[in-house]
Amino acid sequence: MMSGSSDFRSRIRIGAATIALLAGLAACTPGEPADPAASPPEPEAQTDGGQTDGAVGDPSVVPPDDFTFAARYACTGGRELRAQFRGGAAAEAVIWIGGDIHTLTMPADAETETYTDDTRTLTIMGGDASYSDENGQASCKGVSDPVPPPKAENVVRDLREEESGSQIDLEVGQRFSVSLIGTPTAGYEWSVESAPGEIADAGSTGGPTNTAQYLPGYTGGQHWEVLTFEALRAGEGELKLVNKRSWEDPSPDDQHFTVTVRVR
């Protein structure tokens with residue numbers, strides 16, 4: 001919790017994952033020894049009122065798909081709250097609770113991270129929160145749940161780590177993606193080590209691996225890295241990806257992902 005509206009609002013985040021990435025990269029200097037496993041530990045899953053992570057609230061009430069990529073809170077009374085925080089001229093929190101979606105706005109004179117509308121108030125307190133509406137006030141604990149990788153567009157197949165060493169068959173013009181976990185906050189990112197001429201780079205995206213990374217103030221952690229490729233012409237070859245710091249020389253300890261690509 002912070003005081004001083006001008007100081008606080010100057011620190012409004014564009015998105016928890018972006019802040020995590022920039023903060024981590026700023027802390028890394030080339031040549032500095034680092035262990036990819038040494039990034040801050042993921043927060044442990046938290047529960048409240050006897051609820052478990054997988055049984056918060058009414059299981060028949062399911063949030064929209066886009067709230068998969070959101071901060072998640074387990075609140076007293078067995079209620080589940082999910083929130084997407086947005087910066088800008090007027091900071092907002094779009095929340096899902098009890099099957100309904102509401103947009104709360106931070107008042108111009110706010111001295112704490114508080115979002116409100118006519119009947120609801122959400123106050124952020126580190127990784128936790130306080131929420132109130134017409135049903136009363138609830139204490140909410142931040143929860144860490146796995147998050148799937150963001151979906152690449154127009155791909156016929158998405159490969160994961162356990163599929164390293166496999167083969168994929170494509171037709172000219174088709175695309176596929178490879179979703180792997182890296183630690184970009186420490187400089188360790190997936191990149192192409194070698195690729196056959198039959199395919200071309202078609203872009204990349206990424207995002208958090210768990211809901212705790214969407215909680216305000218979270219830094220560090222691992223992230224999904226999704227690399228997309230497009231089949232250009234018929235042929236066969238091996239795509240080889242490597243997870244390493246770009247400024248360091250190859251090492252026998254580098255992590256690799258390989259797949260044989262056959263284009264018809």
Side-chain angles (χ1 to χ4, degrees), residues 15 17-18 20-22 24-25 27-42 65 68-69 145-211 213 220-264:
T18 302
L21 177 61
L22 295 177
L25 289 176
C28 296
T29 55
E32 180 184 5
D35 182 356
S39 21
E42 310 290 6
D65 288 345
T68 298
F69 305 97
D145 277 342
V147 173
K151 295 180 180 179
E153 295 183 358
N154 304 318
V155 298
V156 297
R157 186 175 166 189
D158 178 54
L159 303 176
R160 303 291 176 88
E161 179 183 359
E162 61 271 17
E163 296 176 277
S164 181
S166 65
Q167 176 179 297
I168 183 170
D169 294 310
L170 304 167
E171 295 182 358
V172 173
Q174 288 185 326
R175 294 185 176 190
F176 72 98
S177 59
V178 183
S179 296
L180 302 168
I181 294 177
T183 314
T185 52
Y188 291 88
E189 298 181 279
W190 286 95
S191 60
V192 175
E193 185 171 77
S194 61
E198 288 78 13
I199 63 174
D201 183 351
S204 62
T205 186
T209 57
N210 65 73
T211 56
Q213 290 172 283
Q222 296 180 313
H223 286 71
W224 283 111
E225 298 180 47
V226 184
L227 288 71
T228 306
F229 302 90
E230 181 174 348
L232 299 178
R233 59 176 182 268
E236 182 176 326
E238 183 181 68
L239 170 65
K240 190 172 186 178
L241 307 178
V242 62
N243 183 28
K244 63 182 293 293
R245 285 175 160 177
S246 60
W247 60 82
E248 293 182 342
D249 293 331
S251 164
D253 296 327
D254 291 338
Q255 185 180 2
H256 289 90
F257 177 94
T258 61
V259 60
T260 299
V261 181
R262 185 168 63 182
V263 183
R264 299 188 298 272

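All residue numbers in this chain count up from 1 along the given sequence. Only heavy atoms go into these numbers, but all of them, side chains included; no hydrogens, no water, no symmetry mates. Predicted, not measured: the structure shown is a model, and the values here were computed from it.
- For the pair Arg160 and Trp224, the cation-pi test (distance below 6.0 Å, angle within 45°) is passed.
- Side-chain atoms of Phe176 and Leu170, non-hydrogen and from C-beta on, do get closer than 4.5 Å to each other.
- Taking the side chain as every heavy atom from C-beta outward, Asn210 and Pro146 never approach each other to under 4.5 Å.
- Here the closest non-hydrogen pair linking Ser177 and Ala152 is CB-CB, 3.9 Å.
- In terms of heavy-atom proximity, Glu236 sits nearest to Thr260 at OE2-CG2, 3.8 Å.
- Between Val178 and Val226, every side-chain heavy-atom pair lies at or beyond the 4.5 Å cut-off.
- Side-chain atoms of Arg233 never come within 3.5 Å of backbone atoms of Val263 as a donor-acceptor pair (strictly under, hydrogens ignored).
- Under a 3.5 Å cut-off, the side chain of Ser164 and the backbone N or O of Thr258 do form a donor-acceptor pair.
- Residue Tyr188 forms a side-chain contact (heavy atoms from CB on, under 4.5 Å) with just one option from Gln222, Arg245, Gln255, and that option is Arg245.
- Counting only heavy atoms from C-beta outward, the side chains of Asp201 and Val192 never approach each other to under 4.5 Å.
- Side-chain contact between Leu239 and Ile199 is present, with at least one heavy-atom pair separated by less than 4.5 Å.
- Between Glu230 and Gln174, the closest side-chain pair of non-hydrogen atoms is not below 4.5 Å.
- Contact check for Val155 versus Phe229: no side-chain heavy atoms found under the 4.5 Å cut-off.
- In this structure, the side chain of Gln213 engages the main chain of Thr209 through a donor-acceptor pair within 3.5 Å.
- A salt bridge between Glu238 and Arg262 is absent, with no side-chain N of the basic residue lying under 4.0 Å from a carboxylate O of the acidic one.
- The side-chain heavy atoms of Val172 and Leu232, taken from C-beta on, include no pair separated by under 4.5 Å.
- For the pair Pro149 and Asp158, the tightest heavy-atom approach, listed with the atom from each and the gap, is CG-OD2, 4.5 Å.
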